[in-house]
**Student:** 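Here it is, the structure, as structure tokens.
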Amino acid sequence: MNPAATPARRPIHPPPAPASPFPYNPGSLLSASDLSLDEISHILARATALENQDPLTRDRILAKRRVALLFYESSTRTRTSFELAAKALGADTTLVSSLSSSIEKGETLKDTGLTLRALGAEAIILRHNSSGAAWLLEAEARLPVLNAGDGMHEHPTQALLDLRTILAHLRPGVERVTAETLAGVTVSIVGDILHSRVARSNMLLLPRLGAQVVLCGPKELLPEIAAHAGLGIAIERDFEAALRRSHAVMMLRIQAERLAGLQLDLEQYKANYQLTGQRLAAQAPEAIVMHPGPIIRGLEVTAGVADGVQSVILEQVRHGVAIRMAVVERALLAGGTQGGRA
């Protein structure tokens, strides 16, 4: 063949590398640290406004917008909460789980995200068993991504709903938050801090509003290095001493499979760190009791405490729908007109 007759290849010009840091999309929420105090205040205010809005008006805000829920882990509260929140705003939702999709066949997170985008998804709510997965998905899909829990890393909307619950009881009526809003408030987080994405997001959020966060648990589940996580964070090994300081007590689930190889005796853990009615009455009779769920009754808390007058666990669940309405709205309307379509 005559080389001169060979057609020239079309020059390829790869797109320039993005200049902006994570998150690329202004509607994404990957970490509790992504939010400024003004943005936190806006989310809290919008949560209240949306919660109180006429449902027939509210469901026009995101009418027929498309939201994908991509869940690689089982979930009841978070998945249902996000789905109800999106539908309350009028959005169409689709659930993609690892057990009923091409994920089961080995499809990568990147390709799943690109597929969802090609199918018309306008935002993705992701729960994944690998830390950092939300960042990868957002970089590749270039859609608003809401982190619904990534491995042992973060769960930012849980921290926001926990904040709303704490404010409702300790600072009623406050939605505009500052660096002093929770000054004088001590929140104890008790249990498996090592594996908890809920603990990490709360550790990033609450001290920024002036709260003191006390971490409590055995050394196997709470390494000493956690005391250096940031200002406003301290470790207290003595559960009863932590309770005496607490205005809010956040108990974390103990998962038996995570205790393998940790040389931790479960009965000894219960003796030292289970929240019982007697402990609560003696050491923290005014404190609110929180739990991100699911609760293992008789392990981290007794049934009497979970159902008692100081428990706000079901309130946390209710606050979750309002917070997630505000976050989903932000995801799809960031940079546009707040309030949706007419």
Side-chain angles (χ1 to χ4, degrees), residues 15 18-51 53 57-70 78 81-94 113-114 116-128 132-150 154-161 163-164 175-177 201 204-205 208 319-342:
S20 60
F22 284 109
Y24 293 125
N25 193 293
S28 292
L29 178 54
L30 308 181
S31 166
S33 60
D34 289 343
L35 299 171
S36 68
L37 293 183
D38 283 343
E39 288 173 312
I40 294 167
S41 297
H42 177 74
I43 289 171
L44 292 170
R46 285 302 294 160
T48 298
L50 291 168
E51 189 175 50
Q53 193 168 1
T57 301
R58 186 178 62 205
D59 70 5
R60 298 168 63 192
I61 293 174
L62 298 179
K64 307 310 291 181
R65 303 293 293 272
R66 296 174 179 176
V67 177
L69 293 95
L70 179 52
T78 302
S81 180
F82 265 118
E83 188 170 10
L84 290 175
K87 287 182 174 178
L89 299 173
D92 291 335
T93 65
T94 184
L114 292 174
L116 290 174
R117 177 172 181 152
L119 288 169
E122 298 174 75
I124 301 176
I125 299 162
L126 175 69
R127 169 163 285 190
H128 201 281
W135 280 256
L136 172 64
L137 179 64
E138 210 242 16
E140 299 295 345
R142 294 302 174 91
L143 290 173
V145 172
L146 303 179
N147 184 359
D150 64 320
E154 274 212 60
H155 195 350
T157 57
Q158 181 69 44
L160 287 169
L161 73 89
L163 171 61
R164 192 173 193 243
E175 288 177 341
R176 182 74 188 173
V177 296
S201 284
L204 286 170
L205 181 65
R208 293 174 59 202
H319 286 306
V321 177
I323 285 292
R324 287 167 179 142
M325 280 195 290
V327 168
V328 171
E329 180 192 54
R330 174 181 178 269
L332 289 172
L333 298 182
T337 303
Q338 293 292 334
R341 304 172 181 176

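Side chains are part of it too, since the values below use all heavy atoms of this structure and drop only hydrogens, waters and symmetry mates. Please read these numbers as outputs of a predicted model, since none were measured by experiment.
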**Student:** Once you round to the nearest 0.5 Å, how far does CD of E154 lie from CG of D34?
**Tutor:** 7.5 Å
**Student:** Using modelled atom types and a 3.5 Å cut-off, is there a donor and acceptor pairing between side-chain atoms of R65 and backbone atoms of A91?
**Tutor:** no
**Student:** Before accepting this row, confirm whether a basic side-chain N of the pair R176/D38 lies closer than 4.0 Å to the acidic partner's carboxylate O.
**Tutor:** yes
**Student:** Give, for atom CZ of R66 and atom OG1 of T93, the distance between the pair rounded to the nearest 0.5 Å.
**Tutor:** 12.5 Å
**Student:** Less than 4.5 Å apart, side chain to side chain, heavy atoms only: is that true for T48 and R164?
**Tutor:** yes
**Student:** Is any side-chain heavy atom of E122 less than 4.5 Å from a side-chain heavy atom of V67?
**Tutor:** no
**Student:** Begin from the C-alpha positions of N25 and R142 and carry the test side-chain contact (heavy atoms from CB on, under 4.5 Å) through to its verdict.
**Tutor:** CA-CA 7 Å; N25 193 293; R142 294 302 174 91; over 6 Å; no
**Student:** With side chains defined as the heavy atoms from C-beta onward, is the minimum distance between L62 and L333 less than 4.5 Å?
**Tutor:** yes
**Student:** Which is it for I125 and R324 under the side-chain contact (heavy atoms from CB on, under 4.5 Å) test, yes or no, and what are the steps along the way?
**Tutor:** CA-CA 11 Å; I125 299 162; R324 287 167 179 142; over 6 Å; no
**Student:** Can you see which heavy atom on A121 is nearest to which on L143, and at what distance?
**Tutor:** O-CD1, 3.5 Å
**Student:** Would you say D150's side chain and G132's backbone share a donor-acceptor pair under 3.5 angstrom?
**Tutor:** yes
**Student:** Which heavy atom of A123 sits nearest to which heavy atom of L332, and what is that distance?
**Tutor:** CB-CD2, 3.9 Å
**Student:** Of all heavy-atom pairs between L116 and A68, which one has the smallest distance, and what is that distance?
**Tutor:** CD1-CB, 4.0 Å
**Student:** Give me the atom names and distance for the closest heavy-atom approach of A47 to A326.
**Tutor:** N-CB, 3.8 Å
**Student:** Answer whether the closest heavy-atom distance between the side chains of H155 and T78 falls below 4.5 Å.
**Tutor:** yes
**Student:** From S81 OG over to H319 NE2, what is the distance, rounded to the nearest 0.5 angstrom?
**Tutor:** 12.0 Å
**Student:** In the structure I gave you, are the side-chain heavy atoms of L35 and R330 within less than 4.5 Å of one another anywhere?
**Tutor:** yes
**Student:** Examine distances only and state if a side-chain atom of S31 and a backbone atom of S33 form a donor-acceptor pair shorter than 3.5 Å.
**Tutor:** yes
**Student:** List the atom of V145, the atom of A134, and the distance in Å for their closest heavy-atom pair.
**Tutor:** CG1-O, 4.0 Å
**Student:** For side-chain contact (heavy atoms from CB on, under 4.5 Å), just list the numbers for L136 and H128, CA-CA rounded to whole Å, side-chain angles, deciding distance to a tenth of an Å, and then say yes or no.
**Tutor:** CA-CA 11 Å; L136 172 64; H128 201 281; over 6 Å; no
**Student:** What distance separates L84 CG from M325 CE, expressed to the nearest 0.5 Å?
**Tutor:** 9.5 Å
**Student:** Going from CG on L137 to OG on S28, what distance comes out if it is rounded to the nearest 0.5 angstrom?
**Tutor:** 9.0 Å
**Student:** In the structure I gave you, are the side-chain heavy atoms of L146 and T157 within less than 4.5 Å of one another anywhere?
**Tutor:** no
**Student:** Determine the minimum heavy-atom distance between A32 and P156, stating which atoms define it.
**Tutor:** N-CB, 3.6 Å
**Student:** Determine, step by step, whether I323 and Q158 satisfy the side-chain contact (heavy atoms from CB on, under 4.5 Å) criterion, reporting the C-alpha distance in whole Å, the side-chain angles of both residues, the deciding distance to 0.1 Å, and the verdict.
**Tutor:** CA-CA 9 Å; I323 285 292; Q158 181 69 44; over 6 Å; no
**Student:** Taking the side chain as everything from C-beta on, heavy atoms only, tell me whether E138 gets closer than 4.5 Å to I124.
**Tutor:** no
**Student:** Indicate yes or no: at least one non-hydrogen side-chain atom of I43 is less than 4.5 angstrom from one of I40.
**Tutor:** no
**Student:** Once you round to the nearest 0.5 Å, how far does CZ of R60 lie from CD of Q53?
**Tutor:** 10.0 Å
